[in-house]
Q: 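Before I ask anything, let me first share the structure, which is written out below as structure tokens.
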Amino acid sequence: MVKIKNFANAIGTLLCLLIGKASALTLTVGDKDSVCDAATLIINGIMDYYEGIRYGGTVGIFQAPYYWWEAGEIWAGMIDTWYFCQNDTYEDIIFDALQAQKGSGNSFMPQNQTLTEGNDDQSFWGFAALSAAERNFTNPSSDEPGWLALAQGVYNTMWSRWDTSYCEGGLRWQIFTWNSGYDYKNTISNACLFAIAARLARYTKNDTYAETATTVYDWLKDVGYFKLDGDSYSVYDGASITGNCSSVNTAQWTYNQAIVLGGAAYMANYTGNNTWVTEVGRHISGMSVFLNNNILYERQCASSNTCNNDQRSFKSITSQYLGATARLVPDYSDQVMEIIDASAKGAAESCSGGSDGHTCGTSWTSGSYDGNYGLGEQICALEVIQNTLVMQYDGPFDNSTGSSEGNSAEGLGYESSTNPHEITVTTRDKAAAGIITTIVLAIVVALGIWMII
Ligand SMILES: *[C@@H]1O[C@H](CO)[C@@H](O)[C@H](O)[C@H]1NC(C)=O
Ligand SMILES: *[C@@H]1O[C@H](CO)[C@@H](O)[C@H](O)[C@H]1NC(C)=O
Ligand SMILES: *[C@@H]1O[C@H](CO)[C@@H](O)[C@H](O)[C@H]1NC(C)=O
Ligand SMILES: *[C@@H]1O[C@H](CO)[C@@H](O)[C@H](O)[C@H]1NC(C)=O
Ligand SMILES: *[C@@H]1O[C@H](CO)[C@@H](O)[C@H](O)[C@H]1NC(C)=O
Ligand SMILES: *[C@@H]1O[C@H](CO)[C@@H](O)[C@H](O)[C@H]1NC(C)=O
Ligand SMILES: *[C@@H]1O[C@H](CO)[C@@H](O)[C@H](O)[C@H]1NC(C)=O
Ligand SMILES: *[C@@H]1O[C@H](CO)[C@@H](O)[C@H](O)[C@H]1NC(C)=O
């Protein structure tokens, strides 16, 4: 059987090469059958990178060089596919992945990841747990923590790290002191905490989360990570605690702005307060720096074709939060859907490469495949394409419509009392983690300087 299948694949590949774009994605945006057919092809490409169903592979994670955090982004995207396409083919795989990586503290801090896990990394798995709750994804058995509880575990561990000793607040990038970047307070970690708190507020109707969301949002503004210019916010990358967060790195990434936008959309929907609707509008205006003919692009690195593996996935979470914004804030639905639809068309055109004929590229603005490929390209295309359906479905479930079990005390005290990681980290591991993070930091800083010049 295997041999026959391989042979069939080989013939298929040959045919694709001979007849060119025959198997490229064809997409009618907003058409469920068309979107779900495209999703099937794109997810086939995603699963090529998945370790968890291979002999000796670890459940929940993707092969190197993709970091642990990116898996959280993938599972959140595939939960949306499960929901939009009502297709349970990958239900068990998604379920097992989240269970395998939730960690002994039920807050997505597995022991294996202490050399790479920062607040932002943890958040992306928190987002996956929130998506599971908000999509009414199949629940764990009643003796296990529910998806909501796991998201609360992420929230509680993150909020306990809120640090007023520098810059009058904010989360540091890193959780663990031995990872470089510990002295950097970045927008992404804080934007993620803001969005998690806002989503928990809306789901649980517990105002404590809304208060936290407001605190984090106000801090981001006060410290100068957002700059209001007319009716539009620019969102910057972050700053070092050395200098009290005063030297802001002004690099602009799609996901920083989109996650803040999405969090504000959840707050607007939850509170019904027009102040939040105004903030939503200012962040939508700010997104214009990432649009070319209304199509998303990663301005910081795309034109020079220097986006790294992480950066090549950012348009994915960006698309997901744009979809949430369209669904949650009626005043802006049409404007945001135009961005999603234009970007989805561009993404589908980019998905015409590789031996299968539908491998997705990085650029959505070129009208064709640009030669790049990877897990990031696949998940970005999946998210933007499936979000063309978002207005046809109800908004996210909450605790009056959904079924996820919560526990507002999940994860509390976990780090201080039961963090077992420090003792097991050897000096050599620390050095390796330091080098990787230093390289990443150097690139971030270099890009920042380049932008200023
Ligand atoms: C469900 O998804 C699987 C895998 O992506 C695909 O093969 C199948 O055709 C889908 N089913 C339907 C009804 O679309
Ligand atoms: C931790 O890493 C080991 C070795 O790679 C692997 O076998 C194990 O499954 C991992 N555990 C988790 C929870 O990822
Ligand atoms: C949500 O999930 C619960 C538990 O699986 C189920 O009983 C309920 O019907 C689901 N709600 C909807 C609207 O699908
Ligand atoms: C640190 O920055 C905050 C604004 O974020 C400012 O209010 C405070 O005075 C600064 N502290 C020092 C010691 O510079
Ligand atoms: C709306 O939100 C703003 C900012 O958080 C707050 O100052 C104001 O009191 C709120 N208005 C209402 C009616 O809750
Ligand atoms: C909140 O979102 C729902 C859709 O999920 C929408 O129907 C409703 O109008 C929104 N409410 C507010 C206050 O924006
Ligand atoms: C939803 O959360 C509120 C506030 O925590 C609580 O009072 C209510 O009982 C919850 N509803 C359901 C259906 O769980
Ligand atoms: C609301 O959330 C806070 C923060 O996690 C928690 O301390 C409190 O018990 C929650 N309240 C309810 C009614 O669940």
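Ligands are counted one by one from 1 in listed order, and the atoms in each one are counted from 1 as well.
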Q: Please tell me whether Thr157 and Gln122 have a donor and an acceptor in their side chains that are separated by less than 3.5 angstrom.
A: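 On atom types as modelled, these side chains qualify, holding a pair under 3.5 Å.
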Q: Assess the side chains of Glu279 and Tyr233: does a donor N or O sit below 3.5 Å from an acceptor N or O?
A: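 Side chains of Glu279 and Tyr233: pair found under 3.5 Å.
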Q: Do Arg199's NZ or CZ and the ring of Tyr270 fall within the cation-pi criteria of under 6.0 Å and 45°?
A: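 No, Arg199 does not lie over the aromatic ring of Tyr270.
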Q: Taking 4.0 angstrom as the limit and counting only heavy atoms of Leu328, give me the atoms of ligand 6 inside it, by number and element.
A: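 It comes down to these atoms of ligand 6: 1 (C), 2 (O), 10 (C), 14 (O).
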Q: To check your reading of the model: name the closest protein heavy atom to atom 8 (C) of ligand 5, its residue, and the distance in Å.
A: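 The protein heavy atom lying closest is Asn273 ND2, 3.7 Å.
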Q: With no hydrogens and no angle check, just 3.5 Å: does a side-chain donor-acceptor pair link Ser316 and Glu73?
A: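 Result is yes, a qualifying pair exists.
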Q: Which protein heavy atom lies closest to atom 5 (O) of ligand 6, and at what distance to 0.1 Å?
A: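 Ranking protein heavy atoms by distance from atom 5 (O) of ligand 6, first comes Gly395 CA, 3.1 Å.
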Q: Hey, is ligand 8 close enough to Asn206 that some N/O pair sits below 3.5 Å?
A: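 Indeed, backbone or side chain, Asn206 has an N or O that close.
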Q: Can you list the ligand 8 atoms lying under 4.0 Å from a non-hydrogen atom of Thr208?
A: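 Numbered from 1, ligand 8 contributes 1 (C), 2 (O), 3 (C), 4 (C).
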Q: For ligand 8, is there an atom lying under 4.0 Å from some heavy atom of Trp159?
A: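 Trp159 does not count as a contact of ligand 8 under the 4.0 Å cut-off.
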Q: Which protein heavy atom lies closest to atom 7 (O) of ligand 6, and at what distance to 0.1 Å?
A: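 It is Arg327 NH1, 4.6 Å.
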Q: Report the nearest protein non-hydrogen atom to atom 4 (C) of ligand 5: residue, atom name, distance rounded to 0.1 Å.
A: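 Answer for atom 4 (C) of ligand 5: Thr275 CG2, 3.9 Å.
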Q: Using the benzene-type ring in the case of Trp, are the ring centres of Phe176 and Trp178 under 6.0 Å apart?
A: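 Centroid distance Phe176-Trp178: below 6.0 Å, so yes.
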Q: For Ser403 and Asn139, does a side-chain donor sit closer than 3.5 Å to a side-chain acceptor?
A: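 Present: a donor and an acceptor within the cut-off.
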Q: Give the residue and atom name of whichever protein heavy atom lies nearest to atom 12 (C) of ligand 6, and the separation in Å to one decimal.
A: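 I find the closest protein heavy atom is Asn269 ND2, 3.4 Å.
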Q: When you take the SG atom of each Cys, Cys360 and Cys351, is the space between them under 2.5 Å?
A: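 Answer is yes: Cys351 pairs with Cys360 in a disulfide.
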Q: How close does the nearest protein non-hydrogen atom get to atom 9 (O) of ligand 6, and which residue and atom is it?
A: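 The closest one turns out to be Pro330 CG, 3.8 Å.
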